[in-house]
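What's counted below: heavy atoms across the whole structure, side chains too, no hydrogens, waters or symmetry copies.
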Number of protein chains: 2
Amino acid sequence: MIQGKLMKELHKFDESEEMYLKTIAEISRHGNLVPVTNIAERLSISTVSASEMVHRLQDRGLLEHTPYKGVRLTDDGMNRAEGILRRHRLWECFLTEHLGLPWKQVHDFACQLEHVSEDTLTDALDEHLGFPSFCPHGNPIPPTQGVLEVRETTPLSDLGVGQEGVVLCIREEDGEILDYLDARAVRPGSRVRIEEIAPYDGPRSVLMDGEQQVLGREVAEHILIELVHGNETE
Amino acid sequence: MIQGKLMKELHKFDESEEMYLKTIAEISRHGNLVPVTNIAERLSISTVSASEMVHRLQDRGLLEHTPYKGVRLTDDGMNRAEGILRRHRLWECFLTEHLGLPWKQVHDFACQLEHVSEDTLTDALDEHLGFPSFCPHGNPIPPTQGVLEVRETTPLSDLGVGQEGVVLCIREEDGEILDYLDARAVRPGSRVRIEEIAPYDGPRSVLMDGEQQVLGREVAEHILIELVHGNETE
DNA sequence: TCGTATAATTAGGATACCCTTATATTAACT
DNA sequence: AGTTAATATAAGGGTATCCTAATTATACGA
């Protein structure tokens, strides 16, 4: 395909591809296979389209698809994905610290900016920000090289009544939840204790930095905690 | 077309459309009709494609096409275009002042970033930068509302031997030239005097901030000057 | 082992851009 | 007025990505 230079550049970063890689990386977290269905769901596209694209990405050597099982990123794919997360989180730092924007906007804008940052730009940004290790939501920023530091975390939803911890990060795949938690001043570093859990694994009453709050289980699943005390998960 | 939310957002800003509008705005500068051929040329696409797109843009009410004459942006189109230039130039300020990147990269990155900045982001950036009036190359930054301030400028190529002036801005449509001039320390504010013009309207020998330089006519056309002295254009 | 729910694929379409080649049309100069 | 060069349009293609509906293949629990 012979095509104009300028217009070609528009598609250089292949945003669609990047969205897939990022999504897969976010879902897989623990190295397990990611069902194509989940990808489709998260991207709000049909399973047929997702399936098609998965094939394309496999052809490009970015992932491996085990039919009826799921998908796993190759090293190449993982590198790409981490690059995107890196860009995303660095931009989040900038948007938060320098522009003072609220979490929701920070996330949404970063979702756009992550696709238009070449390494030179990203690295310059990194330096400008003082090489931060975590995004405003507490997620680690993948380094240019080397392995992403993994921290031991427990979803708030797994804590039992009386257990205490400190918020390490909020899983940021979902923009909505960030808005919700931003408004409730739930931040990395917040001290939290479960006061009560409603029947049927229902909403949690928690003490968050001394403030009484009620959080649904779904929300609690997205808040990752470092246990304090010697308390074991129930 | 019913389509996924996330993926839809990828194309929300319609980069192609924006490239056309920006290009047309840059070429037209003086309110004249822009031949479709020129648009095609600048975007490095075929005239057929450009023609097609011009029709689309006309249908969208962004421009008016007078066959065999050219194209003119409507008010809507102009607003869109100025929005893009505003974003582009604000990002250029950021990339220059805060990240310390060289002109060429600044321009290239801004070309990407300009398509992914909503108003909220742009305005926050504007504030963060202290509401600058000009980009690093001296081009005015269109305000959110109100009219773009127009300055009286003369292309360096129009100056005669002995005439003097101050560089106001470099027309930044072309990334290459920025690299070239960056390396030669040609900046807004530089003092320049024409020492000699080679035959056939050839290369200019100029004194630029005391430095002897030779600049081709093409390049000189892109350097816009404010005349000093009472010197009239020859 | 069988049946069902889940996953994958096939078939047929749509859209937005882009391309080349060939054919009109018009402007503009002699 | 007539010819030419510039401009526009028509015809036929291509790619990437998405869709729905219908079909086929598989895994896994009863």
Side-chain angles (χ1 to χ4, degrees), chain A residues 1-24 27-28 32-72 80 112 115, chain B residues 1-24 27-28 32-72 80 112 115:
Chain A
M1 175 176 44
I2 301 152
Q3 205 174 315
K5 180 174 59 93
L6 285 176
M7 303 310 269
K8 196 177 202 169
E9 274 172 12
L10 293 184
H11 288 247
K12 188 169 50 182
F13 295 95
D14 207 337
E15 301 194 9
S16 219
E17 179 176 300
E18 294 194 339
M19 286 304 286
Y20 276 89
L21 294 177
K22 181 184 156 199
T23 301
I24 295 167
I27 302 181
S28 102
N32 21 12
L33 288 175
V34 176
V36 176
T37 310
N38 291 21
I39 303 171
E41 212 172 326
R42 282 288 289 286
L43 292 173
S44 308
I45 61 177
S46 74
T47 57
V48 177
S49 299
S51 197
E52 260 182 12
M53 189 57 165
V54 158
H55 287 328
R56 275 193 284 261
L57 295 176
Q58 187 165 38
D59 293 345
R60 292 173 205 172
L62 297 169
L63 53 76
E64 275 158 24
H65 178 219
T66 314
Y68 299 98
K69 289 296 169 54
V71 139
R72 170 176 292 128
R80 285 288 306 278
Q112 312 251 173
H115 302 292
Chain B
M1 174 177 42
I2 300 153
Q3 206 175 314
K5 180 172 58 88
L6 285 174
M7 302 311 267
K8 197 176 202 169
E9 273 172 15
L10 293 184
H11 288 247
K12 189 168 52 187
F13 296 93
D14 207 338
E15 300 193 11
S16 219
E17 179 176 299
E18 293 194 340
M19 285 305 284
Y20 276 91
L21 294 177
K22 181 185 157 199
T23 301
I24 295 167
I27 302 181
S28 103
N32 20 13
L33 288 174
V34 175
V36 177
T37 310
N38 291 20
I39 303 173
E41 212 171 326
R42 282 289 290 284
L43 292 173
S44 308
I45 59 177
S46 74
T47 57
V48 177
S49 299
S51 198
E52 260 183 11
M53 189 56 166
V54 158
H55 288 327
R56 274 192 284 260
L57 295 177
Q58 186 165 38
D59 293 345
R60 292 172 204 170
L62 297 169
L63 54 76
E64 275 157 25
H65 179 220
T66 313
Y68 299 98
K69 291 293 170 57
V71 139
R72 172 176 290 127
R80 284 288 306 279
Q112 312 252 173
H115 302 293

Tell me: [atom1] of [X] to [atom2] of [N], nearest whole Å?
{"X": "B:Leu43", "N": "C:dC18", "atom1": "CG", "atom2": "P", "result": "8 Å"}
{"X": "A:Asp59", "N": "D:dA16", "atom1": "CG", "atom2": "C1'", "result": "14 Å"}
{"X": "A:Ile39", "N": "D:dT17", "atom1": "CD1", "atom2": "P", "result": "15 Å"}
{"X": "B:Glu41", "N": "D:dA6", "atom1": "CD", "atom2": "C1'", "result": "13 Å"}
{"X": "B:Glu15", "N": "D:dA16", "atom1": "CD", "atom2": "P", "result": "18 Å"}
{"X": "A:Met53", "N": "C:dA8", "atom1": "CE", "atom2": "C1'", "result": "18 Å"}
{"X": "A:Ile45", "N": "D:dA16", "atom1": "CD1", "atom2": "C1'", "result": "13 Å"}
{"X": "B:Glu52", "N": "D:dG12", "atom1": "CD", "atom2": "P", "result": "15 Å"}

[X] side chain near [N] phosphate (N/O to OP1/OP2, under 4.0 Å):
{"X": "B:His55", "N": "D:dA8", "value": "no"}
{"X": "B:His65", "N": "D:dA8", "value": "yes"}
{"X": "B:Ser16", "N": "C:dC18", "value": "yes"}
{"X": "B:Arg56", "N": "C:dA16", "value": "no"}
{"X": "B:Ser51", "N": "D:dT9", "value": "yes"}
{"X": "A:Ser46", "N": "D:dC18", "value": "no"}

Can you pull the salt bridge (charged side-chain N to carboxylate O under 4.0 Å, His left out) pairs that have at least one residue in residues 46-55 of chain A, sequence neighbours excluded?
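Matches after skipping sequence neighbours: A:Glu52-A:Arg56.
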Kindly indicate whether the side chain of [X], heavy atoms from C-beta on, has any atom under 4.5 Å from the side chain of [Y].
{"X": "A:Ser16", "Y": "A:Met53", "result": "yes"}
{"X": "B:His115", "Y": "A:Gln112", "result": "no"}
{"X": "B:Ile45", "Y": "B:Tyr20", "result": "yes"}

Sorted by position of nearest nucleotide on DNA chain D, 5' first, the leading residue of A:Arg60 and B:Val36 is B:Val36
### Task
Report which part of the nucleic acid A:Thr37 touches: base, sugar-phosphate, or nothing (heavy-atom distance under 4.0 Å, all strands).
sugar-phosphate
Contact string for nucleotides 24-30 of chain C, one letter per nucleotide 5' to 3', B = base within protein heavy-atom range under 4.0 Å, S = sugar-phosphate only, - = neither, reads -BSS---
Audit row: B:Val34, B:Ile39, side chain to side chain contact (heavy atoms under 4.5 Å, CB included) steps and yes/no:
CA-CA 8 Å; B:Val34 175; B:Ile39 303 173; 3.8 Å; yes
Choosing from C:dC18, D:dA21, D:dA10, which nucleotide comes nearest the side chain of B:Tyr20?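 Nucleotide nearest to B:Tyr20's side chain: C:dC18.
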All N/O donor-acceptor pairs, side-chain side in residues 57-71 of chain A, below 3.5 Å, sequence neighbours left out:
from    : atom 1 : to      : atom 2 : distance (Å)
A:Arg60 : NH1    : A:Glu17 : OE1    : 2.3

Query raised in the report: What pairs with B:Ser49 under side-chain hydrogen bond (donor to acceptor under 3.5 Å, both in side chains), at least two apart in sequence or on another chain?
Result: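 Expected list: B:Ser46.
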